[in-house]
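Read the structure below first, then the notes.
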2 protein chains.
Amino acid sequence: MTDPRWLTEHEQRAWRGYLDMHARLTARLHRDLQADSGLSLSDFDVLVQLTDRDDERARVLELAQALQWEKSRLSHHLARMERRGLVERQECPDDARGAFIALTAQGRRTIEQAAPQHVNTVRDLVFDQLTAEQVDTLLAISTQVQARLDDTQ
Amino acid sequence: MTDPRWLTEHEQRAWRGYLDMHARLTARLHRDLQADSGLSLSDFDVLVQLTDRDDERARVLELAQALQWEKSRLSHHLARMERRGLVERQECPDDARGAFIALTAQGRRTIEQAAPQHVNTVRDLVFDQLTAEQVDTLLAISTQVQARLDDTQ
DNA sequence: CCCAGATAGTTGACGTATCACCAAAGATAA
DNA sequence: TTATCTTTGGTGATACGTCAACTATCTGGG
């Protein structure tokens, strides 16, 4: 605790490289997606969740859990997306407190137009650069780190 | 372009796993750092840059380049850090437009107190979970993806 | 039926990120 | 010198994320 175990030179390079890669990668993905479709990465994630449902709608808390977002973040974000006509709120007959969030026609058109190019960019920038073994290792790393995150509360 | 090459099932799992890991990992690191020292991860990065200099100060654009931040982001951020007493502005005699940003005594105390625990958390959550080969692969992945980012403008 | 506590979702305040624009100072050339 | 071009840095508007507080509704025990 008070006696730190510092990172080795090699670990420091790996850590810095990882942080820099992530910052630059998401900045590029965000910029391209925005230019291509006017969507942010967050918009994209919300719309993907909705298109994955049979009826293209979901309860707010359901979405929050699927996205791993705080409910207030989602609430603010949905208000902005609703203003832009990407989603709409529908009353929930079972529970008058609740609301359904539904994809609008414009929301569906937008995500259907944006997704192919976005996937191509991810492929170009990431998966085309990696070997199959590296992809395996990336998944293993993600799994192991998340297991530790789960362990430590 | 119009004909997407979708990700394989395995690639999708790796991509989702990676995004989820990063979101959860940085959220945890941020929360712990904040609780321990009152610093944000951004504050931390700025302070590390300053402590790395001999005279514990730097020009604004120098910092912006080192951090890979936009100058306006840095300007706003420094204004807030200055208000909290972590850094101070000093006049630049060589160039009256310019400013030095210098670590304050409080800034130095804060980062020196915060860094060991932060490094321990990174080690606990990440490097203690990985084999040496996995760390190598992480560095290779970061390098390869950043090379592609460099290539594509 | 009534009320306490839980649940669904929103709101407001504040810190932060980005964008576009601005201003002051320096550099360069006529 | 003046004109203009570049560099250094800041500002204000707007969007976003988080926290705490809030409203409205539901649910279970008396």
Side-chain angles (χ1 to χ4, degrees), chain A residues 22-24 26-35 37-47 57-102, chain B residues 22-24 26-35 37-47 57-102:
Chain A
H22 187 85
R24 296 181 60 192
T26 53
R28 173 73 65 84
L29 290 174
H30 193 283
R31 200 200 61 182
D32 287 2
L33 181 62
Q34 186 87 45
S37 66
L39 296 176
S40 68
L41 286 171
S42 299
D43 297 333
F44 189 89
D45 289 343
V46 171
L47 294 179
R57 63 180 202 171
R59 294 288 297 267
V60 174
L61 283 197
E62 224 182 323
L63 275 183
Q65 283 162 5
L67 291 163
Q68 296 267 76
W69 287 11
E70 294 190 13
K71 63 191 172 138
S72 87
R73 173 184 177 186
L74 182 57
S75 181
H76 283 301
H77 202 94
L78 290 174
R80 292 187 293 263
M81 291 181 73
E82 190 178 16
R83 238 179 280 134
R84 292 192 288 141
L86 296 168
V87 301
E88 66 179 9
R89 264 164 235 272
Q90 294 173 352
E91 282 192 3
C92 179
D94 298 355
D95 187 339
R97 295 169 301 181
F100 281 109
I101 303 299
Chain B
H22 187 86
R24 295 182 60 190
T26 53
R28 172 73 65 82
L29 290 174
H30 192 283
R31 201 199 62 182
D32 287 1
L33 181 62
Q34 186 86 44
S37 67
L39 296 176
S40 68
L41 286 172
S42 300
D43 297 333
F44 189 87
D45 289 343
V46 171
L47 294 178
R57 62 180 201 169
R59 295 287 297 268
V60 174
L61 282 196
E62 223 181 325
L63 274 184
Q65 283 161 6
L67 293 163
Q68 297 265 73
W69 287 12
E70 294 189 13
K71 65 197 166 112
S72 87
R73 172 185 179 187
L74 183 56
S75 181
H76 283 301
H77 203 96
L78 291 174
R80 291 187 295 262
M81 290 181 74
E82 190 178 15
R83 237 178 282 136
R84 291 191 289 144
L86 296 168
V87 301
E88 67 181 7
R89 264 166 234 271
Q90 294 173 352
E91 282 191 3
C92 178
D94 299 354
D95 187 337
R97 295 168 303 182
F100 282 109
I101 303 300

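Letters A, B, ... mirror the listed sequences (proteins, then strands); counts begin at 1.
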Find the distance between [atom1] ([X]) and [atom2] ([Y]) and round it off to the nearest 0.5 Å.
X: A:Arg89; Y: A:Phe100; atom1: CZ; atom2: CZ; answer: 13.5 Å
X: A:Ser40; Y: A:His30; atom1: OG; atom2: NE2; answer: 4.5 Å
X: A:Thr26; Y: A:Arg28; atom1: OG1; atom2: CZ; answer: 11.5 Å

Requested in this report: May I ask you to say what B:Ala99 touches in the nucleic acid, namely base, sugar-phosphate or nothing, with a heavy-atom cut-off under 4.0 Å?
Outcome: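 B:Ala99: backbone/sugar contact only, no base atoms under 4.0 Å.
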
In whole angstroms, how far is the [atom2] atom of [N] from the [atom1] atom of [X]?
X: B:Phe44; N: C:dT16; atom1: CZ; atom2: P; answer: 16 Å
X: A:Arg28; N: C:dT18; atom1: CZ; atom2: P; answer: 15 Å
X: A:Gln65; N: C:dA8; atom1: CD; atom2: C1'; answer: 12 Å
X: A:Glu62; N: C:dT7; atom1: CD; atom2: C1'; answer: 15 Å
X: B:Glu82; N: C:dG15; atom1: CD; atom2: P; answer: 16 Å
X: A:Leu74; N: C:dA8; atom1: CG; atom2: C1'; answer: 12 Å
X: A:Lys71; N: C:dA6; atom1: NZ; atom2: C1'; answer: 11 Å
X: A:Glu70; N: C:dT10; atom1: CD; atom2: P; answer: 15 Å

Query raised in the report: When the nearest nucleotide of DNA chain D is assigned to B:Ile101 and to A:Arg83 on a heavy-atom basis, which residue is associated with the more 5' position?
Result: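 Its nearest nucleotide being more 5', the pick is B:Ile101.
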
Requested in this report: Go through residues 84-98 of chain A and report each residue with a non-hydrogen atom lying under 4.0 Å from DNA chain D, sorted by number.
Outcome: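 DNA chain D contact set from residues 84-98 of chain A: A:Asp95, A:Ala96, A:Arg97.
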
If you compare every side-chain N and O of [X] against the phosphate oxygens of [N] (OP1, OP2), does one of them come in below 4.0 Å?
X: A:Arg59; N: C:dA8; value: no
X: B:His77; N: C:dA17; value: yes
X: B:Ser42; N: C:dA17; value: yes

[Y] side chain reached by [X] side chain, heavy atoms, under 4.5 Å:
X: A:Met81; Y: A:Ile101; value: no
X: B:His77; Y: B:Asp43; value: yes
X: B:Leu86; Y: B:Leu39; value: yes
X: B:Leu61; Y: B:Leu74; value: no

Query raised in the report: Quick one: how far along DNA chain D does chain A reach, first to last nucleotide 5' to 3', anything under 4.0 Å to a heavy atom?
Result: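 So the contact region on DNA chain D extends D:dC16 to D:dC26.
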
Report task. Using the closest heavy atom to pick a nucleotide of DNA chain C for each, name whichever of B:Arg80 or A:Arg31 lands nearer the 5' end. Result ->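 This one resolves to B:Arg80.
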
**Report entry** Smallest separation among heavy atoms of A:Arg59 and A:Cys92, with atom names
**Finding:**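 Closest approach of A:Arg59 to A:Cys92: NH1-SG, 3.2 Å.
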
Report task. Please report the shortest heavy-atom distance between B:Arg73 and B:Ser42, naming the atom on each side. Result ->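 For B:Arg73 and B:Ser42, the tightest heavy-atom pair comes out as NH2-OG, 3.7 Å.
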
Query raised in the report: Would a distance-only check, ignoring hydrogens and angles, find a side-chain to backbone donor-acceptor pair under 3.5 Å from A:Ser37 to A:Leu33?
Result: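 Yes; at least one donor-acceptor contact below 3.5 Å.
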
Query raised in the report: Side chain of A:His76, base of C:dG12: donor and acceptor closer than 3.5 Å?
Result: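 In this structure, the two groups form a donor-acceptor pair.
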
